[in-house]
Engineer: 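Quick one: the structure is below, questions incoming.
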Amino acid sequence: MQSAILDARAGRIGRLQGGASALGGEARWWDVLVTAVHSAEGTPDRLLAVFRDITKLQRAQEALVDLNTSLERRIEERAQAILTLEARL
């Protein structure tokens, strides 16, 4: 979070993604944008942080990785089975 705040103070948009517990203790994933809010004089006056819950997206990405790993394993098993059968011929 510190890096995102430093970016915002420097006039850039700070961003981070990470996991944290929500109210009630449930693990959630967040996408956070931090930007400076400028005063009438044009100087950074405050910081604004917008938190977006990306838990469903994170879980879908994890499921995709798991599925891909399973598929690669099954392909390797089938390839080995074919080689074994071919050796018998």
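Source: prediction; values computed, not measured.
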Engineer: Between Leu16 and Met1, is any pair of side-chain heavy atoms under 4.5 Å apart?
Structural biologist: yes

Engineer: Taking atom CG of Leu64 and atom CG of Asn68, what is their separation to the nearest 0.5 Å?
Structural biologist: 6.5 Å

Engineer: CZ/Arg15 to CG/Leu33 distance, rounded to the nearest 0.5 angstrom?
Structural biologist: 5.0 Å

Engineer: Which heavy atom of Asp7 sits nearest to which heavy atom of Gly14, and what is that distance?
Structural biologist: CB-CA, 3.8 Å

Engineer: In terms of heavy-atom contacts, does CG of Leu57 have more than 12 from other residues, nucleotides or ligands at under 6.0 Å?
Structural biologist: yes

Engineer: Starting from Leu6 and following side-chain heavy-atom contacts under 4.5 Å between hydrophobic residues (I, L, V, M, F, W, Y), which residues can be reached?
Structural biologist: none

Engineer: Is atom CZ of Arg12 surrounded by more than 12 heavy atoms (other residues, nucleotides or ligands) closer than 6.0 Å?
Structural biologist: yes

Engineer: Roughly how far, to the nearest 0.5 Å, is CD of Gln58 from CD of Gln17?
Structural biologist: 7.5 Å

Engineer: So, for His38 and Pro44, which heavy atoms are closest and what is the spacing to 0.1 Å?
Structural biologist: CD2-N, 3.5 Å

Engineer: Could you tell me which non-hydrogen atom of Ser39 sits nearest to which non-hydrogen atom of Asp45, and how far apart they are?
Structural biologist: N-CB, 3.8 Å

Engineer: Using a 6.0 Å cut-off, check whether atom CG of Leu23 has over 12 heavy atoms from anything other than its own residue.
Structural biologist: no

Engineer: Can you list every pair that meets side chain to side chain donor-acceptor pair (under 3.5 Å) and has a residue in residues 78-89, with sequence neighbours left out?
Structural biologist: Glu76-Gln80

Engineer: Side chains of Thr43 and Glu41 only: does a donor on one sit below 3.5 Å from an acceptor on the other?
Structural biologist: no

Engineer: From Thr35 OG1 over to Leu47 CG, what is the distance, rounded to the nearest 0.5 angstrom?
Structural biologist: 8.0 Å

Engineer: Are Trp29 and Glu62 side-chain neighbours, meaning at least one heavy-atom pair lies under 4.5 Å?
Structural biologist: yes

Engineer: Return the CD1 to CZ distance between Ile54 and Arg59, rounded to the nearest 0.5 Å.
Structural biologist: 11.5 Å

Engineer: With rounding to the nearest 0.5 angstrom, report the CZ to NZ distance, Arg28 to Lys56.
Structural biologist: 8.0 Å

Engineer: By the rule that ILVMFWY residues connect when side-chain heavy atoms come within less than 4.5 angstrom, directly or transitively, which residues belong alongside Leu48?
Structural biologist: Val37, Val50

